[in-house]
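So the structure is just underneath, and the comments pick up after that.
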Amino acid sequence: MAAVEVEKQRGRSAAVAIAALVIAAGIPLWWKTTETYRAWLPAARISELEALQLELRVEVEVVFARGTLSPEQQKKVPASRMREQQQQVDDKTGLKFTYETRFRTATVMEEDALNQPTAAEADHALHTLTETSCGSVVIYIIPEASALLPQDMRVYVGRSRTALLRSQVASVVGAGLPEVLAALDPQMEQVLQTMSFNHQDVTAALTDRLRPGLSTRDSLADSMRAFKSSPGYEITFSLLNPDPKHHQLHWDVEAALDAYIYPLLHKMAPVANFSVDSQILYYAVLGVNPRYDASASAYTLSADSLAHVINPVEARLGSNAASSNPVLNFLLYVPDSLHSPLIIRNDQKQEVASNAFHSPRWGGIMVYNVDGAYGNDTQFPVDIAIDMSRVMGVFLSQLRLMLGFQQTGAPPGFVLEAAGREGVAEWELDRLLWSRSVENVATASASITSLAQLLDQIANIVINDNIAQQVASAVTALQAAVAELEAGNLALALEHSREAISASERAFFDPSLLHLLYFPDDQKFAIYIPLFLPMCVPILLSLLKIFREVQQHRAEKRAKRD
Amino acid sequence: SNPPVAPEISSSVALDFVLIGRTSAFLLLHQARAERFFRSDHTNNWAVLVCTSRFWFNYRHVANTLSVYRSVKRLGIPDSHIVLMLADDMACNHRNPKPATVFSHKNMELNVYGDDVEVDYRGYEVTVENFLRVLTGRLPPSTPRSKRLLSDDHSNILIYLTGHGGNGFLKFQDSEEISNVELADAFEQMWQKRRYNELLFIIDTCQGASMYERFYSPNLMALASSQVGEDSLSHQPDLAIGVHLMDRYTFYLLEFLEDIHPASQANMNDLFKVCPKSQCVSTPGHRTDLFQRDPGSVLITDFFGSVRKVEITMETINLTPHTETALAYVDQLPVAQIIHQKPKQKDWHPPDGFILGLWTLILLVFFRTYGIKHLKHIF
């Protein structure tokens, strides 16, 4: 009897010990070994990024030339003035535009520069005098009677960051200084909208953060045409020669690139890296048959058929397989002798001066007619040297459109100086830098917040340490970019925003972030039940038995007492 | 244009009407052009075509995928924008009585293989992991461009899946499966990163409608060949090849697409009518509630073709011709100095001193060691 009792006691203690081991050691061990490793992400800082309040600050310097202000007004000119505009784009994104204006009168050297005969020379002379920082604007107010601008033009925008504004003050006789400044305000606003950012551009640059459908039609066309901000771009120039038997084409593309394209690309170095290559394709035909027009005695391509030209050609173009950067293609097509000359007609059946067309986010095609270079009885093949300056003029303007420089639509009364050798004016580049910085900030913040949300939602994604590091560095760079935009340092802001976007892209697209296989709950039960049930059933039953025995024992004890 | 001044009022009025008519027609045309530009927001097209089953008796799935590939290429999408994943090689399969061909119609009418097929993921590379990596873009940095889906926020993507499936899953390679939740999550990740503008998802498997039940991202349109609980059936066997050549839904889809050309105006409502129950035996289904535009205004070529938006270049930049002096080669070194080469010896010369000395040394050592008497064996 005692032996049975000892056995029972031993059984009871064994069951309790096993149960204790399972609960105390087994369950934590199973939990620890089946959890996914998730490094710590700075969730608090990321949630701060969800509500983005961007402040863009422009430093404007207004210089009054001699003759625009009376001496008493000159003494009372305020040193600086701040103007703010608030705009709430949607419930999570707010914009504030700050224009910090400093007023002063012109120095003697600037007066000399303004005495030049034409506006272009004055602008050049002024440019050599001062060094303007990236993102700032300098406006020179010149007297109404000045001969620098033609009579009906009010503003001249130069090649660097200066503008000449004709003052209207002489028409307001006996006006005090506040009236003069008040009369200048709307014109300065217009100048700033042209030379610096305007509200539509900035809102368009924020599309990554916004819900679809908030942008207007015009900004949509612009955003569709230009490539999105990317760390690098590949540019390919191709010469298509469908008729090598008749035309032996020579194009000095290396020299042309050096002379015309590389200056622009060097100027855009803070924005992105560019890699350029070129190729020649023989026996490459357009996919459409041009129609012969007897009135113009030329073959014509109508605007409708242009859309079908690109695809058959693109299939044969080579591309750089090494990088994943977006590719811009610029094709020069020399029609074969049977179909020369080939002209492009627009919707109104008029000839297009450039004889070229472009496709948004792809590139451009120019048709170059060579039928004028030879007569009927020349010996074929004819050696033809292509005029690269004409070709590059077209390609350069298409390249500007693709890279994000808007088509120059000068407001009424404005004279915009044509971009010189470098292909782009400083203020145009500043405009691009503003929109690119805002776009980078918007994209980076959207990436980081959506990555954090994703990692929260899908519980079985492994987060490695390097991802946490990338996210932390992206958040830091993003906050630095926003701070620099607030301070008005455009170049630094762009640099930080590029760092932020590259870090956030690397974190989001890291190959290790693939979630483990999804198991619906019934499958999870199906896996665990055969493992745990045979083990748990005896333990539970023996625990129940022990519990019942203890109950019984206690009942007996109580009965014995009573 | 200024209206001309005419003496008689009636003729001037008539001329005015004509001119107003013309200007309004011009405005309408311009507006129509602008409307056409904005009717869809995409600037490029991508296609991801996946066949998920292997083994010879699943010939029809490879033929399905290759037929869609052929249509999509014919309508203009280039190979660089198509990611084609075939889980097995039917054209060069040992059991193929007509090697290097994959037919989609009995009596071998249409060979969809040809010599212009670029398969990006082949054989065992077609896995759930690779498929999800392609969709979400999380590929290792060494992946070449042709294996990536490099779409942006203005890309329209066509995704076509075919194989064996069930309620809520699709079988890959006979060993793993992808569930509809994973697919929906992958599309959501694509949306978060704005990797597509609009997405058309077509699936030709048994119980295909279950695969699009769980989608929750915007701008998705889905078509399936059968409802939950129904099987998708194959079309017809070819007695010479010995297997079924196509599935019914894709067969009628291919027939429909053969009538589409790049300028066609057929829209999605026509696509929904492809393969009714009388032809397909199963009931094809579609889902458009997540799509923002009305399906009647969506062209087939918005997804299956690649009609580019085109703008005439109005502005050019005047560049002065750059008079570049021709590169002068006077400063170059002579070639012999650049390429250091030993002159090739044409005549035989006796071996030089080093070799002679070496052999003399060897012989001396030999004879010293073993004695001079061995000399007679040599001479």
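So you know, we letter chains A, B, ... as the sequences are listed, proteins then strands, and number each from 1. Values in this document were obtained by computation on a predicted structure and should not be read as measured data.
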Can you say whether [X] sits under 4.5 Å from chain B via the side chain, the backbone, both, or neither, judging by heavy atoms?
X: A:Leu513; answer: both
X: A:His358; answer: both
X: A:Ala353; answer: neither
X: A:Leu306; answer: both
X: A:Ile344; answer: side chain

Output the option from [options] having the highest count of non-hydrogen pairs under 4.5 Å with chain B.
options: A:Glu505, A:Arg390, A:Met366; answer: A:Glu505
options: A:Leu317, A:Asp510, A:Asn355; answer: A:Asp510
options: A:Glu314, A:Arg316, A:Gln453; answer: A:Glu314
options: A:Asn325, A:Val309, A:Asp387, A:Asp258; answer: A:Asn325
options: A:Pro312, A:Ser450, A:Ala356; answer: A:Ala356

Practice item. Give a yes-or-no answer on whether the side chains of A:Ser359 and B:Lys309 include a donor-acceptor pair shorter than 3.5 Å. Key: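 A:Ser359 vs B:Lys309: no donor-acceptor pair found between side chains.
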
Check your understanding: Any chance the side chains of B:Glu315 and A:Ser397 put a donor and an acceptor closer than 3.5 Å?
Key ->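 Distance-only check fails for B:Glu315 and A:Ser397.
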
Nearest 0.5 Å, what's the [atom1]-[atom2] distance between [X] and [Y]?
X: A:Leu401; Y: B:Thr313; atom1: CG; atom2: OG1; answer: 7.5 Å
X: B:Thr43; Y: A:Phe227; atom1: OG1; atom2: CZ; answer: 8.0 Å
X: B:His81; Y: A:Asn311; atom1: NE2; atom2: CG; answer: 9.0 Å
X: A:Gln523; Y: B:Ser179; atom1: CD; atom2: OG; answer: 8.0 Å
X: A:Met392; Y: B:Thr316; atom1: CE; atom2: OG1; answer: 14.0 Å

Practice item. Can you establish whether the number of heavy atoms outside A:Glu254 located under 6.0 Å from its atom CD is more than 12? Key: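 Atom CD in A:Glu254 is not packed in, count stays at 12 or less.
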
Considering non-hydrogen atoms only, spot the tightest contact between [X] and [Y] and give its length.
X: B:Ile317; Y: A:Arg400; answer: CD1-CD, 3.7 Å
X: A:Phe509; Y: B:Thr136; answer: CE2-O, 3.1 Å
X: A:Ala307; Y: B:Arg308; answer: CB-O, 3.2 Å
X: A:Pro511; Y: B:Pro140; answer: CG-CA, 3.7 Å

Review point. With side chains defined as the heavy atoms from C-beta onward, is the minimum distance between A:Ser324 and B:Arg148 less than 4.5 Å?
Key: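 Side chain of A:Ser324 against side chain of B:Arg148, heavy atoms only: contact under 4.5 Å found.
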
Exercise for review: Could you check if a side-chain atom of B:Leu319 sits within less than 4.5 angstrom of a side-chain atom of A:Leu396, using non-hydrogen atoms only?
Suggested key: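 Contact flag for B:Leu319/A:Leu396 side chains = yes.
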
Exercise for review: Determine, stepwise, if the pair A:Phe508 / B:Lys193 fulfils side chain to side chain contact (heavy atoms under 4.5 Å, CB included).
Suggested key: CA-CA 9 Å; A:Phe508 196 97; B:Lys193 228 20 195 112; 3.5 Å; yes

Review point. By a 4.5 Å heavy-atom criterion (distance strictly below it), what part of B:Ala186 contacts chain A: side chain, backbone, both, or neither?
Key: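 No part of it gets close to chain A.
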
Practice item. I would like to know whether A:Ser354 and B:Met314 meet side chain to side chain contact (heavy atoms under 4.5 Å, CB included); could you show each step before the answer? Key: CA-CA 7 Å; A:Ser354 60; B:Met314 301 308 288; over 6 Å; no

Review point. Distance-only, no hydrogens or angles: does the A:Asn346 side chain make a donor-acceptor pair with backbone N or O of B:Ile312 under 3.5 Å?
Key: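 Answer holds: no.
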
Practice item. Against chain A, work out which of B:His42, B:Lys73, B:Glu188, B:Gln192 has the most heavy-atom pairs shorter than 4.5 Å and name it. Key: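 Most heavy-atom pairs under 4.5 Å with chain A: B:Gln192.
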
Check your understanding: For the candidates B:Leu150, B:Asn318, B:Asp153, B:Asp152, which exhibits the highest count of non-hydrogen atom pairs separated by less than 4.5 Å from chain A?
Key ->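 Heavy-atom pairs under 4.5 Å are most numerous for B:Asp153.
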
**Study point:** Any residue meeting ring pair (Phe, Tyr, Trp, His ring centres under 6.0 Å) with B:Phe215, in chain and number order, not counting sequence neighbours
**Key:**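 Testing B:Phe215 for ring pair (Phe, Tyr, Trp, His ring centres under 6.0 Å), a comparison that skips the adjacent residues, returns B:Phe187, B:Phe201.
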
